[in-house]
Amino acid sequence: MEINERMKEVLQVQLSPLGLELKPENRFPLTVLHDDQPIAYIQEDGAVHYPVDLDTTPARRIPGVIAKVWEMEQAYRQAPQLECSGVNSYKKILQYNQHLLAARYDGNGHFRFVTWQVNFDQTGVTLGHYFYRNEYEQAKEDFIKRSGLVDERKLFSKEQLSILYSALLYSRFHDINLDYADKQEIDQLIRHIEAVAPVSQTVRQPASDCELDYER
């Protein structure tokens, strides 16, 4: 798979919150700018190259953005068009246990995702949870829970992870009874929580754009 025009639009949207932008050009490699200075070059196959001796935090975050855009595009490109009346502008990403994860490209760099409950004869959908502005991770989590792929009782919410994270940090630096092995194990747990639910998002993230049973 190679980067197409839709992926360029989505990349620009996803890079913008990081203070990055794509140089307005159509040829590859694509130039990523930070404060109007080039900090990375994206090849047509998604590979990233950096200017010599450049090592900045924004530059290191670019591969993760590309991976997310690549995943969304690949899922969308391979998905069949929905045949249910009224929602055939969407493509079916996943279906399990009478529940459906679907996607639509709205243009201007934005995918829209939705999870639905499917009726018995597979001719209609209901109870839609909508996720705007490329919220693919949130949509996948919602689908996993609604479809029963994972028992929700065995999952920690972001709020619960935030509480656990704070408790682990406090224990790590203030509990004088911890030995070296205990601290190492706590450090691993802290890194795991940071990987699955970045604390900055867990604590300060605004309410999701998920909407129940209503689509703008």
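Using a 4.5 Å cut-off between side-chain heavy atoms of Ile, Leu, Val, Met, Phe, Trp and Tyr, with links allowed through other members, Val13 and Ile66 fall into different hydrophobic clusters. Tracing side-chain contacts under 4.5 Å through hydrophobic residues (I, L, V, M, F, W, Y), one never reaches Leu33 starting from Val65; they form parts of separate clusters. Cluster membership for Tyr41 and Leu30, using ILVMFWY side-chain heavy atoms within less than 4.5 angstrom, is not shared. In this structure, Leu164 is a member of the same hydrophobic cluster as Ile190, with clusters built from ILVMFWY side-chain heavy atoms closer than 4.5 Å.
Using a 4.5 Å cut-off on side-chain heavy atoms (C-beta onward), Met7 and Arg77 make contact. Using a 4.5 Å cut-off on side-chain heavy atoms (C-beta onward), Met72 and Val10 make contact. By the 4.5 Å heavy-atom criterion applied to side chains, Val125 and Val114 are not counted as neighbours. For the pair Leu82 and Leu100, the minimum side-chain heavy-atom distance is below 4.5 Å. Between Arg6 and Phe111, the closest side-chain pair of non-hydrogen atoms falls below 4.5 Å. Two residues are said to be in side-chain contact when any heavy atoms from C-beta on lie closer than 4.5 Å; Leu149 and Phe143 meet this criterion.
In this structure, the side chain of Ser16 does not engage the main chain of Gln12 through any donor-acceptor pair within 3.5 Å. Checking side-chain atoms of Gln117 against main-chain N and O of Leu127 turns up no donor-acceptor pair under 3.5 Å. Side chain of Asn134 to backbone of Gly109: a donor-acceptor contact under 3.5 angstrom is found. Between the side chain of Tyr50 and the main chain of Ala59, a donor-acceptor pair closer than 3.5 Å is present. Within the 3.5 Å criterion, the main-chain N or O of Pro29 finds no donor-acceptor partner in the side chain of Gln43.
Summarising the geometry of Ala40 relative to Pro51, their closest heavy-atom pair is N-CD, 4.0 Å, with the distance given to 0.1 Å. Between Gly124 and Cys84, the shortest heavy-atom distance links the atoms N-SG, 4.1 Å. Across every non-hydrogen atom of Ala103 and Tyr76, the tightest pair is O-CE1, 3.7 Å.
Listed by first and then second residue, the side chain to side chain donor-acceptor pair (under 3.5 Å) pairs involving residues 174-190 are Arg172-Asp187 (not counting sequence neighbours).
Between Tyr130 and Trp116, the two ring planes are perpendicular [angle over 60°; tilted spans 30° to 60°].
With rounding to the nearest 0.5 angstrom, the OH atom of Tyr90 is 11.5 Å from the CG atom of Leu101. The distance from atom CD of Glu9 to atom CG of Asp106, rounded to the nearest 0.5 Å, is 11.5 Å. In this structure, OG1 on Thr115 lies 7.5 Å from NE2 on His99, to the nearest 0.5 angstrom. Rounding to the nearest 0.5 Å gives a distance of 10.5 Å between CD of Glu5 and CD1 of Ile3. Between atom NE2 of residue His34 and atom CD of residue Gln37 there is a gap of 10.5 Å, rounded to the nearest 0.5 Å. Note that CD1 of Ile186 and CZ of Phe173 are 10.0 Å apart. Values are rounded to the nearest 0.5 Å.
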Inset, instruction - Could you check Thr31 against Leu22 for side-chain contact (heavy atoms from CB on, under 4.5 Å), going step by step and ending with a plain yes or no? - result: CA-CA 6 Å; Thr31 304; Leu22 291 179; over 6 Å; no
Point to revise | Worked verdict on Ile62 versus Ile39 for side-chain contact (heavy atoms from CB on, under 4.5 Å) | key: CA-CA 10 Å; Ile62 293 171; Ile39 64 168; 4.1 Å; yes
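Within 6.0 Å of CG in Asp45 there are more than 12 heavy atoms belonging to other residues, nucleotides or ligands. Applying the 6.0 Å contact sphere to NZ of Lys92 captures no more than 12 heavy atoms from other residues, nucleotides or ligands.
A cation-pi arrangement is present between Lys140 and Tyr136 under the rule of less than 6.0 angstrom and at most 45 degrees off the ring axis.
When Arg112, Gln81, Arg104 are each tested for a side chain to side chain donor-acceptor pair (under 3.5 Å) with Ser89, only one passes: Arg104.
With respect to Lys68 and Glu71, no salt bridge is recorded, no charged nitrogen being found less than 4.0 Å from a carboxylate O.
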